[in-house]
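Input: a single structure, listed below in structure tokens.
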Amino acid sequence: MKQRLALVDCNNFFCSCERIFAPSLSGKPVVVLSNNDGCIISRSEEAKALGIPMGAPRHEQEGVIQKHGVKVFSSNYTLYGDMSARVMAILRESALETEVYSIDEAFLKLPGEFGEAEARALRAKVLRWTGIPVCIGMAGTKMLAKLANREAKKRRVETGGVFDLDACEDLEELMERVSCDGLWGVGKRLALRLAGLGIRTAAEFRWADSRQIRKSLGVVGERMWWEMNGVSCLPWEEIPPDRKGVMASRSFGTPLEKLEEVEEALAHHVARASEKLRRFGLRASRIDVFLQTNRFRAGEAQYCPAAGLNLDEPTASTSELMGQARELLHEIYRKGYRYQKTGVSLTGLVRAEAVQGCLDLDGVRKAKREVDAIVDRINQRLGDRKNPVITRGSMGSKHSPQRWRMKSGQRSPAYTTSWRDLPVAVLGGGSRRV
DNA sequence: TCTGGGGTCCTAGGACCC
DNA sequence: TCTGGGGTCCTAGGACCC
């Protein structure tokens, strides 16, 4: 039986959340701002209609905001997280399995009988119970479900916010209408590269030679090609894997020049990041610190240094990390610049409980050296350099697709296209945690 | 004329997503 | 004057090892 997926996506999520608590704003233009109130990161339909672009600096839109009385909110992530959890809980009731993809999106594995009527009912239920409007796209793969969702959103009035690609009668016509940069995972750069191959629409992408796509866009591109052709090869992650890193950074309201001031900001970031670490039960084995001047000031001297350090022991201790962060900052700080931003990034995360019994890497290396020495001795005694009796090897490496490709001059098979286990990676990354 | 080759670990940078 | 913050994955290349 063919797999059926849905992508459920909340409409203008942050704005929709704000509106729940201010019903008088229904039908009025609303925007939500980024952390420092710097950029517009969510717009209601009415705000979009006024031509306010996504990600625009607030100050550039001040005129429109004033003129049309656009209601402006600072972001409130506690609220959004809470609303998200409510929506997800409802979705779980209808799905066989659920993968929460981001704060406002989830993939659903659908039961066989789930069609457009059921999707409409689900949509109505979410709206009735949470006040959040959603759109639902259905198809056989994640990429296609994304595309279906886009269609549902774009033609909301006509589709009722629900679109089933498998039930679409003029699929080819639809694919011809969608340009490549509208595909999930194809950004500006890749679209440009595709255009260079004469591939401009989803239809052309689907019909393209997969080898050509592979050559030009790599394994990521080939995965997209399969997905677009109905072959699912992105992983299903019902349980989100542990984070690989945490970061804390902020822009300053006004540029800072003194080391002590930057230090203070950085200390705050280290505290936030290490707190996060502890909350997840993780410890970091590497810390990176960075500084940035104002990149928008073309006339000013720019300086964007960074420094990092691998820690001896994984830690989540604020004070330990703080000490290291300060030293790193001193390494990179230079007088005479106007700094606009600083931040810290903690990576190489391991589970706190695993730290105790963690693999003794040095021990393993030592053991390997010992074995190698034995192998050498045997070879010296029994063979010669050119024809060793025993050869050293390491598991799998010889057969890693990368190496294999170099040797054979061929592509590796589609499903083992990367030296990492495939299919593993998610398209183009993405912030996936709520 | 050839100049070892297989392997690990790490970092930086590119691309994309929400 | 103001110009977000937090993620993921892939690839290339250097250092090092035997």
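Heavy atoms only: backbone and side chains are in, while hydrogens, waters and symmetry mates are out. Keep in mind that this is a model prediction, so the values were computed, not measured.
At the heavy-atom level, A:Gly245 lies under 4.0 Å from the strands shown only through sugar-phosphate atoms. At a threshold of 4.0 angstrom between heavy atoms, the contacts of A:Asp37 with the nucleic acid are absent. Residue A:Thr254 is out of contact with every strand shown, counting any heavy-atom pair closer than 4.0 Å. Within the 4.0 angstrom heavy-atom criterion, no nucleotide atom of any strand lies near A:Leu217. Counting non-hydrogen atoms under 4.0 angstrom, A:Leu33 reaches nothing in the nucleic acid.
The shortest distance between the side-chain N/O atoms of A:Lys146 and the OP1/OP2 oxygens of B:dC18 is below 4.0 Å. Between A:Arg189 and the phosphate of B:dC17, there is no side-chain N or O to OP1/OP2 separation shorter than 4.0 Å. Checking the phosphate oxygens (OP1, OP2) of B:dT11, a side-chain nitrogen or oxygen of A:Asn310 falls inside 4.0 Å. Residue A:Arg58 has no polar side-chain atom (N or O) positioned under 4.0 Å from OP1 or OP2 of C:dT1.
Side-chain proximity of A:His59 to the nucleotides C:dG6, C:dT3, C:dG5 is greatest for C:dT3. For A:Arg223, counting side-chain heavy atoms from C-beta on, the closest listed nucleotide (C:dC10, C:dT8, C:dT3) is C:dC10. Here the side chain of A:Ala248 is nearest to one of C:dG6, B:dC17, C:dC2, namely C:dG6. With distances taken from any side-chain atom of A:Ser249 to the nucleotides B:dC17, C:dG6, C:dT3, the minimum falls on C:dG6. Of all nucleotides listed (C:dG7, C:dC10, C:dT3), C:dT3 comes nearest to the side chain of A:Cys39. Considering only the side chain of A:Glu105, B:dC18 comes nearest among C:dG7, C:dT3, B:dC18. With C:dG5, C:dG7, B:dA15 as the choices, the nucleotide that has an atom nearest any side-chain atom of A:Arg243 turns out to be C:dG7. Side-chain proximity of A:Met247 to C:dC2, C:dG6, C:dC10: nearest is C:dG6. Nearest to the side-chain atoms of A:Val219 among the listed nucleotides C:dG7, C:dC2, C:dT11 stands C:dT11. Of the candidates C:dG4, C:dG7, C:dT8, C:dG4 carries the atom nearest the A:Ser251 side chain, counting heavy atoms from C-beta on.
For the pair A:Lys71 and A:Phe73, the cation-pi test (distance below 6.0 Å, angle within 45°) is passed.
Ion pair A:Lys146/A:Glu105 flagged as a salt bridge, since at least one NZ, NE, NH1 or NH2 atom sits closer than 4.0 Å to an Asp/Glu carboxylate oxygen. Salt bridge present: A:Glu46 and A:Arg19 bring a charged side-chain N and a carboxylate O closer than 4.0 Å. We find that A:Arg351 and A:Glu353 are joined by a salt bridge, their nearest charged nitrogen and carboxylate oxygen being less than 4.0 Å apart. A salt bridge between A:Arg272 and A:Glu275 is absent, with no side-chain N of the basic residue lying under 4.0 Å from a carboxylate O of the acidic one.
Mapping A:Pro255 and A:Gly218 onto DNA chain C by nearest heavy atom places A:Pro255 at the nucleotide closer to the 5' end. In terms of position on DNA chain C, the residue among A:Asn294 and A:Lys276 whose nearest nucleotide sits closer to the 5' end is A:Asn294.
With the 3.5 Å cutoff on both pairing distances, Watson-Crick and G-U pairs in DNA chain B assemble into runs of at least 3 at B:5-18 with C:5-18.
Atom C1' of C:dC18 sits at a distance of 22 Å from the matching atom of B:dC2, rounded to the whole Å.
Using cut-offs of 30° and 60° for the angle between ring planes, the A:Tyr339 and A:Tyr337 rings count as tilted.
As a whole-Å value, the separation of A:Phe252 CZ from C:dG4 C1' is 14 Å. Note: CH2 (A:Trp184) to P (B:dA15) measures 20 Å, nearest angstrom.
A donor-acceptor contact under 3.5 angstrom links the side chains of A:Ser74 and A:Asp37, judged on distance only.
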